[in-house]
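Presented below is the structure to which this report refers.
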Number of protein chains: 2
Amino acid sequence: MTSRQGPEQGAEPAGKSLFSLQRREKLMDELRAHGSITVRAIAAELGVSELTIRRDVNLLAVEGLVSRVHGGATLPSPLDRTASMTRQQTNRYSIGMVVPSLDYYWPQVISGARAEADERQAKILVRGSTYDAADNRQQVQALLTTQNINGLIVAPDTTGEAGRELLRWLNSLPIPVVLAERRSPIEIPAHRLEWVATDHAFGAGMATRHLWQEGHRKIGCMTDSNSPTSAHVVRGWLQALGALRIPAAQSVNEDSAHVPTSDRAEHFDRILQLCRETDTTAMLVHSDTQAVAFVQHCVDRGVDVPGSMAVVGYDDEVAYLAEPAISAVRPPKQYVGRLAVQLITARISEGPKRPVHRVQLNPDLIVRDSSLGGPRSSARALEDSL
Amino acid sequence: MTSRQGPEQGAEPAGKSLFSLQRREKLMDELRAHGSITVRAIAAELGVSELTIRRDVNLLAVEGLVSRVHGGATLPSPLDRTASMTRQQTNRYSIGMVVPSLDYYWPQVISGARAEADERQAKILVRGSTYDAADNRQQVQALLTTQNINGLIVAPDTTGEAGRELLRWLNSLPIPVVLAERRSPIEIPAHRLEWVATDHAFGAGMATRHLWQEGHRKIGCMTDSNSPTSAHVVRGWLQALGALRIPAAQSVNEDSAHVPTSDRAEHFDRILQLCRETDTTAMLVHSDTQAVAFVQHCVDRGVDVPGSMAVVGYDDEVAYLAEPAISAVRPPKQYVGRLAVQLITARISEGPKRPVHRVQLNPDLIVRDSSLGGPRSSARALEDSL
DNA sequence: GTCAGGTTGTTCGATCATGATCGATTGAGA
DNA sequence: TCTCAATCGATCATGATCGAACAACCTGAC
């Protein structure tokens with residue numbers, strides 16, 4: 001509603017008179033930028049009398065937003081004895097949240113975010129989107145224009161030129177932005193973006209090492225390149241193979257992204273065939289739903305799990321439902337949501353002086369039956385069973 | 001983010017006068033960093049009379065925030081009978097902290113950690129060590145056996161086999177461990193180690209891009225391979241060169257680690273010579289102390305800074321002291337300490353269910369005079385001046 | 001037009017922060 | 001234990017800053 005001028009008011013000290021609210025905003029900006037202000041300097045800069053500024057400072061001090069000192073004000077300091085003891089104000093922020101899916105993975109992230117927001121008396125406004133940059137932007141835009149939000153948590157598509165452009169745009173928004181389960185590239189244009197993401201490469205590595213420790217010496221990987229997670233899983237798997245001195249070139253690495261459900265059985269048969277040919281006795285399967293289907297297929301084909309084919313799923317939504325129950329890597333989804341809210345609220349209250357935070361969380365490995373015991377009678381069993 | 005900052009800012013002696021509250025905060029910072037202060041030193045540093053400092057100390061002593069001693073003040077000691085008995089209940093946690101240096105870089109990290117610990121009613125026990133794995137271990141061992149600590153913050157040597165072994169040992173300790181300004185490798189044996197570290201590569205990249213934007217097209221790098229930071233600085237610099245399409249192979253990249261002070265002038269002359277030969281008009285210099293010496297040398301040799309040689313220092317301890325004042329990358333040291341304490345206390349109270357956190361913080365670029373304006377008359381001026 | 005309510009500016013005595021002086025006190029070394 | 005230099009605190013002077021009271025101004029409602 002109020003049209004703001006440029007970042008610096010520039011040449012007109014006494015130009016358009018600001019409303020008191022804008023004055024106080026400006027004052028807080030200066031304060032956050034420099035850590036302190038003098039009444040005199042601000043009064044001169046805004047072209048108002050010092051008394052007016054003093055009144056503003058008093059007002060802000062009552063709200064606990066600044067500490068009054070003789071001659072000016074500083075950021076609230078614990079040394080400030082006059083600080084009101086009623087710390088927890090009606091500090092309610094509105095935080096927008098745009099996630100690419102409302103039925104897979106993200107509900108738990110949202111739940112974590114909501115829990116944290118409750119504790120901080122903030123409100124979360126969620127919008128579902130897709131895994132597509134254009135739609136991401138549309139949803140964010142909708143939040144920005146229809147709601148009055150103080151910060152944004154978003155899990156955008158970061159791939160391709162559209163993804164990079166989207167990141168640049170997010171980086172330039174006037175409100176703080178935190179990416180969830182996404183990283184900003186090292187490029188400068190996104191230098192303000194903070195993020196919290198699960199270290200999926202670590203998780204994949206952990207799963208691979210677990211299979212190795214159980215006795216498997218050929219470990220394959222089944223991916224779903226539809227998901228942005230898959231690239232990290234493959235990276236972690238390859239890294240682990242390297243560390244374990246397993247030749248990656250001969251390892252089974254199949255993608256199921258574009259296999260229609262009708263061809264799934266055939267697809268799995270081909271993978272089992274590949275495993276037999278390469279003596280592969282264990283598979284890391286991205287998306288546990290896929291893992292459940294794969295284990296089911298193995299059981300149907302008489303392939304013993306885990307005796308002839310050990311399976312670790314990546315992600316842990318339904319892995320426990322299979323028979324046998326599937327070991328799975330479990331990303332700390334609740335914590336991702338919680339942390340995103342923590343980052344955004346801290347950023348809103350501390351301003352740009354706070355350094356940009358980028359957090360990785362390690363997933364857990366939940367060991368169930370599908371990966372225990374090591375290969376039994378090696379590839380023979382698998383061969384016999386077919 | 002990049003912030004423009006006048007010459008007066010920070011801790012310079014005769015700079016802008018601070019408010020009393022800020023003085024007291026600064027005083028507490030110093031106190032937390034070093035454990036004690038002298039009235040004289042603080043008075044000199046802040047450019048105020050000793051009486052003023054004494055008054056501040058009295059004030060803080062009345063609030064129980066310091067213990068007065070003859071000539072200065074110390075952190076509140078239980079032996080101090082004058083302390084108001086309004087103290088809260090006993091500390092909830094004791095946190096050990098082992099840092100490789102007590103006079104460079106780390107005091108500010110300690111100060112941040114102590115400040116955060118105060119707010120969480122925890123106690124920090126600091127031990128100075130060296131940049132050597134064996135001594136790191138000894139100091140940690142000493143803390144473990146002589147004190148009853150609930151968690152450990154440590155900045156160990158992570159290089160070589162000794163470093164890896166040390167990390168394995170730290171990972172296996174029965175108490176939570178957080179690394180400060182160090183990362184654990186992707187290796188599994190350190191999978192429980194959490195860390196918080198400045199993204200020095202990002203900082204170096206930011207500095208390089210800043211120089212590029214100022215018009216420099218050949219940007220060199222001077223390192224100090226004694227420091228564990230240097231490798232990251234070089235990495236960030238090279239990355240940025242790549243992104244800016246500056247050929248790295250022909251770029252000046254010199255190390256000053258093993259140059260004795262006596263040969264320094266000669267060493268700098270050689271670097272200037274190299275810059276002339278390669279048309280290099282800007283240098284990123286690791287450790288701002290080195291940058292100060294380098295700028296001094298340039299001025300002595302009649303090389304105009306920033307006209308003929310622009311300089312950005314890495315680290316911002318003394319960069320503002322040079323003439324001209326040196327632009328510098330400033331790591332968020334206070335925040336590193338704060339965050340380390342946050343991580344360790346959260347880990348202690350939430351237990352192993354909490355996922356492993358690994359946090360990177362971005363440094364700031366403080367732009368001063370030594371890098372502004374771009375190359376003037378290119379390499380000619382540099383050549384003429386020699 | 002007028003009046004109420006809000007915001008801003010001016011004046012001036014009160015208050016505050018700081019430094020200088022100078023005895024009183026302290027404590028480390030002889 | 002003694003001594004002496006360093007440190008401390010009471011007091012005052014000075015200049016800057018603050019706040020109460022009132023005046024001026026703007027705005028919108030009736």
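Labels below follow one simple rule: chain letters A, B, ... track the order of the sequence lines, proteins then strands, and each chain is numbered from 1. What's counted below: heavy atoms across the whole structure, side chains too, no hydrogens, waters or symmetry copies.
Under 4.0 angstrom from either OP1 or OP2 of C/dT8 there lies no side-chain N or O belonging to A/S49.
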Which atom pairs link the protein and nucleotides 22-24 of chain C when you take only N or O atoms and keep those under 3.5 Å?
none

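Every residue meeting the side chain to side chain donor-acceptor pair (under 3.5 Å) condition with A/E194, not counting sequence neighbours, appears here in chain and number order: A/R347. Every residue was checked against the salt bridge (Lys or Arg N to Asp or Glu O under 4.0 Å) condition with B/D157, not counting sequence neighbours, and none meets it. Partners of B/E214 by salt bridge (Lys or Arg N to Asp or Glu O under 4.0 Å), not counting sequence neighbours: none found. Qualifying salt bridge (Lys or Arg N to Asp or Glu O under 4.0 Å) partners for B/D224, counting only residues two or more places apart in sequence or in other chains: none. Legend: residues meeting side chain to side chain donor-acceptor pair (under 3.5 Å) with B/E25, ordered by chain and number and at least two apart, are A/S77. The salt bridge (Lys or Arg N to Asp or Glu O under 4.0 Å) test applied to B/E116 returns B/R120, B/R338, not counting sequence neighbours.
From the 5' end on, the contacts that DNA chain D makes with chain A at under 4.0 Å to a non-hydrogen atom open and close at D/dT17 to D/dA21.
For B/N148, the CG atom sits in a loose shell: 12 or fewer heavy atoms of surrounding residues, nucleotides or ligands are nearer than 6.0 Å.
One can place NE2 of B/H70 at 13 Å from P of C/dT25, the figure rounded to the nearest angstrom. Distance A/L46 CG to C/dT7 P: 17 Å, rounded to the nearest Å.
Side-chain polar atoms of B/S327 and B/H210 form no donor-acceptor pair below 3.5 angstrom.
Taken over five-pair windows at either terminus, the axes of the helix from C/dG1-D/dC30 to C/dA30-D/dT1 are inclined to one another by 30° (rounded to 10 degrees).
Projected onto DNA chain D by closest heavy-atom contact, A/G72 and B/L51 fall at different nucleotides, the more 5' of which corresponds to B/L51. Between A/R54 and B/E50, the residue anchored closer to the 5' end of DNA chain D is B/E50, taking for each the nucleotide with the nearest heavy atom.
Across all strands, B/R40 comes closer than 4.0 Å only to sugar-phosphate atoms, never to a base (heavy-atom distances). Counting any heavy atom pair closer than 4.0 Å across all strands shown, B/V57 reaches no nucleic acid atom.
Residue pairs that meet the side chain to side chain donor-acceptor pair (under 3.5 Å) test with at least one member in residues 51-62 of chain B, sequence neighbours left out, are B/R23-B/D56, B/S49-B/T52, B/N58-B/R68. Residue pairs satisfying the salt bridge (charged side-chain N to carboxylate O under 4.0 Å, His left out) criterion with at least one member in residues 126-141 of chain B, sequence neighbours excluded, are absent. Residues in residues 97-108 of chain B take part in no salt bridge (charged side-chain N to carboxylate O under 4.0 Å, His left out) pair, two or more places apart or across chains.
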